[in-house]
Structure formats: C-alpha cells, structure tokens
Amino acid sequence: MPIKGTDIVKKLPEGGKKNCKECGFPTCFAFAMKLASAGTTLDKCLYLSFEVKTELEDALAPAIKLVTIGSGKAALQIGNEEVMYRHDKTFIHQPGIALLISDKESESKIEEKVKRIKELQFERVGLTLRANLLALHFESGDRDRFAALVKRVYRDTDLGMILISEDMESLFLARDLCADRKPLLYPITKENIEKAIPRIKKSPTPIGVRAGSIEELIPMTSRLKEEKIDEVVLDPGSKGLMEGIRDQTFMRRAAIKQNFRPLGYPTISFSCFVAKDGLRELLTAAAFTIKYAGIIVLSDMDKYSLLPLLVQRLNIYTDPRMPMAVEQKVYQIGEPNEESPVLITSNWALTYFIVSSEIESSKVPSFLCVKDTEGLGVLTGWAAGKFVADAIAPFIKKSGIADRVKNRTLVIPGKVARIRGELEEALPDWKIIVGPREASEIPAFLPAFAAKLKTG
Ligand code: SF4
C-alpha cells in the first residue's frame, strides 16, 4: 500500500507544522498530499533529516521496481506496476518477449533467428508490435563461442539482451562485451551471489535472480538491497504452468497488497523450458502475459505464434479508462494521387483500423482524414459534439488535403449523413458525399466512386 499524505505529514519538520513555504507549497500538509500523489519530489524540502528522507524514499518507491534492460530506442522497461487487476486501474509496462538462442545452435540457425526477430514486426492501430529481447544461452561449454554469439548479436541488432550462463566467468566476460547495452545477467543464485556482488557493482547492469522457491528469493533480494543493487528481476524457479501462475500471483500480491519489498521486482518466466511443445509453449506465454510476468522467453517464434501473443499483450496493457486512439492527421492508404478519393472518419483506433483495412481491400488508393474525437467512434463522437461540422471543417482546412487533390469531394460516414448540410456550409469549396453506413460496404462503394471522380 502506498503511504498516505496524512502519514507523510507527521514525518515532516516540526511534525508537519513548520510551514515555511520554501518547497513552493503553502503548508507542509499541502506538500505531503502532493508527494503522496507523486506530484512533487522529496528534495523540494531541505529540512528533512537523512533518516526521514531515506524512510520516505523507501515508502514512496513503487511497489514493483522499474527495471530497464537494453539501451536507446530498443530499451525495455518492466515493473512499476500498481494493481493486481487491469480493471482496478491499468497495467503499465508490457512484458518483454524474448527469443532464446543457444550457442550450441548451428551458425545458419543463429543467423536465421536473428534475422527473424528483426523482421517480425507488425503494424497495428498505429503501433509497431515486435518482440523485444534476445536471450543468449551458454550451453556449448566453449567460452569463445558464447562470446562470439554475444558480439554478433551486439553488432547485428539494437535489441536488449539476456545473458544466460551457469558459468560465472563466462557470464561476466559476456557482460563486459556489451555492458553499454545494459544486458540482464542470469542467473544469480544463492550459490554464486556473494562472488557475483562485487562484479555486478563494478559495472551495474540488471540481474536475474533464480531460486528454487519464492521463500529462497527473499534473503537473496534482501542481501542485494544491502549492497544497493536494485535492478533485479525474479525467477522463483516454477516448474510448470500451474506452479508458475501460482508463484507469479503470490509475488504480485505480496508486492502490491502487502508492500513486501523483497518481492517488489518484475519477474522472468521461461515458457521455453516450462512447456513441452510449441503450442503449449505459446499457451504458457499467453498465460504469463496475463499473470504478471515481466519477461517471457520463447524457444522460437514465427508470425503465426508471435502476432497473437503481441496482440494479446497490447490488449492487456492498454488503459481500460482511455479509448485507444490514433493520431489526428491525413493517412495515405496505398499511394494516392490528386485524383484519389478523400474519406473522413473518427480516431477511435478500432474505427481507424477497420476503415483503413476496408479501403485497402477495395484496392483504391485513398486519403483517409482521421479527426480527433478523443478516441470515440463516429456516432458517439457526433453525439459528443466532436464529429460535427464545426469540428471537422477547421481540421480539413488545416490538414492541407485541399492542395493534394483536384476533386474536392469529401466522403463522410453514412451514420452521420445528417451533418452533410452543415458541412457543406462550413466547407463551401468541398462537395460532401454520404458514404456507406458500415465500413464493410466500402469495398463495394469505393471503386465505382473513384471511377466517377476521374470522369468528373
Ligand atoms: S519546505 Fe519542508 S518544512 Fe517547509 S513547508 Fe515545505 S515541507 Fe514544510
């Protein structure tokens, strides 16, 4: 449970009665309330003792630590979650999906896997969906071979890496080859933790802690905390799907509901080792996507297995309080020219996705103007006053679409046929046509309409 403002204020100078205003707030109480809602930071008050500051920093830290793996645009952030159930608020950071590569695999297989993870990218509702990490597994017993694999992935991709090795020497040698990419080192165990600590501190990078059970994790994360190592990912060593779901749920509950700090870290799950075949592996990954994993490692992936998983992840990690929306702008479907049709719709992601897909199916290159309705569909947007002539006309005028087409003819959705008259008044240079009511009718409507436009 996050600390409340009323509890924070008691710890402020003079029991919260100093009220010197130097933090920019009129009272200590106002500062405390803002602090509790993450609207300000502790350093604004210069009168906190070291002990109080440390205590409040700890109390205000997120229940599940934010951990970053990788660097630059491909960096993956996991953790920082606040709720047990998506409908309580929202899940925040999508789990990273990793592809496992063993250094025992053949050169051609490794090359093919690296190529595949780079190529498997999908456009959906204006977003690019892809896997995030490569998990490099030292199995060959040949340190040079493992180092060569790490160097190759470092050179050929910008992806974050998980370095997996039971051999500590090899693990840290590999870390040194790609330390600037912030790889996750796995596994840190109760057997190697003491020897690993000074080496981790020498060049800090996230670590994956593996234990035989949740109970075993607790002294290990406590020990790491003493050493101020907190970029930690947990693996309770679950042996199967049911055990995995139980462990993930227990750890999430302990962190979120009990604010139990030793388990307040994101987790990693190895679907690749838990499941026995491709389909079960995928089902396991789907379950761990819902049940709290921070990283899911797969032994292989193709477009048929990866796309459903990525879409499921997207759906689970969208904010249920906010309709998914795409950017307001003029989208090109195909390669339209000055004779192409111009259509308009609302910016609810689902509407955009369906309408643009149907235009694509019609094989008529077109301009699709997408009006910001704050993520509402066409009819709801109209009812809310966001998809009406007064809102559409300024958008069309500013969008520059008038300079890109000869026939200034705008197709509006059939469901809002009633705005035609007002829109003709608001856009006197444009002819307004009422299009199909349903997006599914677009492929039948658009080719004949486009032909008519050409002939004038
Ligand atoms: S600076 Fe500190 S003591 Fe002064 S009002 Fe703000 S919280 Fe209170």
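Whatever order the structure lists ligands and atoms in, that order sets their numbers, starting from 1.
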Checklist entry - Quick one: do E169 and R199 make a salt bridge, cutoff under 4.0 Å? => result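 Answer for the salt bridge query: yes.
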Checklist entry - Is D300 paired with R116 through a side-chain N to carboxylate O contact shorter than 4.0 Å? => result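 Salt bridge between R116 and D300, a charged N being under 4.0 Å from a carboxylate O: yes.
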Next on the checklist: Less than 3.5 Å apart, any donor N or O on the side chain of Y186 or D235 sitting next to an acceptor on the other?
Outcome noted: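 Indeed, the side chains of Y186 and D235 share at least one donor-acceptor pair under 3.5 Å.
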Next on the checklist: For Y292 and D247, which I'm curious about, is there any donor-acceptor pair between the side chains at under 3.5 Å?
Outcome noted: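 D247 and Y292 do not have a side-chain donor-acceptor pair below 3.5 Å.
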Checklist entry - Does K21 approach ligand 1 within less than 4.0 angstrom via side chain, backbone, both or neither, non-hydrogen atoms only? => result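 Under 4.0 Å from ligand 1, K21 contributes backbone atoms alone.
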Checklist entry - Counting heavy atoms only, which part of N19 comes closer than 4.0 Å to ligand 1: side chain, backbone, both or neither? => result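 Backbone only.
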Next on the checklist: With a 3.5 Å distance limit and no angle check, can you tell me whether H137 reaches the backbone of I101 through a side-chain donor-acceptor pair?
Outcome noted: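 No, the answer is negative, given that no donor and acceptor are paired below the 3.5 Å cut-off.
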Can you pull out the closest protein heavy atom to [atom]? Residue, atom name and distance to 0.1 Å, please.
{"atom": "atom 8 (Fe) of ligand 1", "value": "C28 SG, 2.2 Å"}
{"atom": "atom 7 (S) of ligand 1", "value": "F31 CD2, 3.5 Å"}
{"atom": "atom 6 (Fe) of ligand 1", "value": "C23 SG, 2.4 Å"}

Item to check | 2.8 Å cut-off met by an N, O or S atom of C20 to atom 4 (Fe) of ligand 1 | outcome: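 Yes, C20 qualifies, because one of its backbone or side-chain N, O or S atoms lies under 2.8 Å.
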Item to check | Per-atom contacts of ligand 1 with P13, taking only distances under 4.0 Å to non-hydrogen atoms | outcome: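 The atoms of ligand 1 under 4.0 Å from a heavy atom of P13 are 3 (S).
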Checklist entry - Looking at atom 6 (Fe) of ligand 1, is one of the N, O or S atoms of C45 less than 2.8 Å from it? => result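 No, since none of the N, O or S atoms of C45 sits under 2.8 Å from atom 6 (Fe) of ligand 1.
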Next on the checklist: Show, in sequence, the C-alpha distance, side-chain angles and deciding distance for F91 and Y85, and conclude whether the ring pair (Phe, Tyr, Trp, His ring centres under 6.0 Å) test is met.
Outcome noted: CA-CA 8 Å; F91 290 171; Y85 304 108; 8.3 Å; no
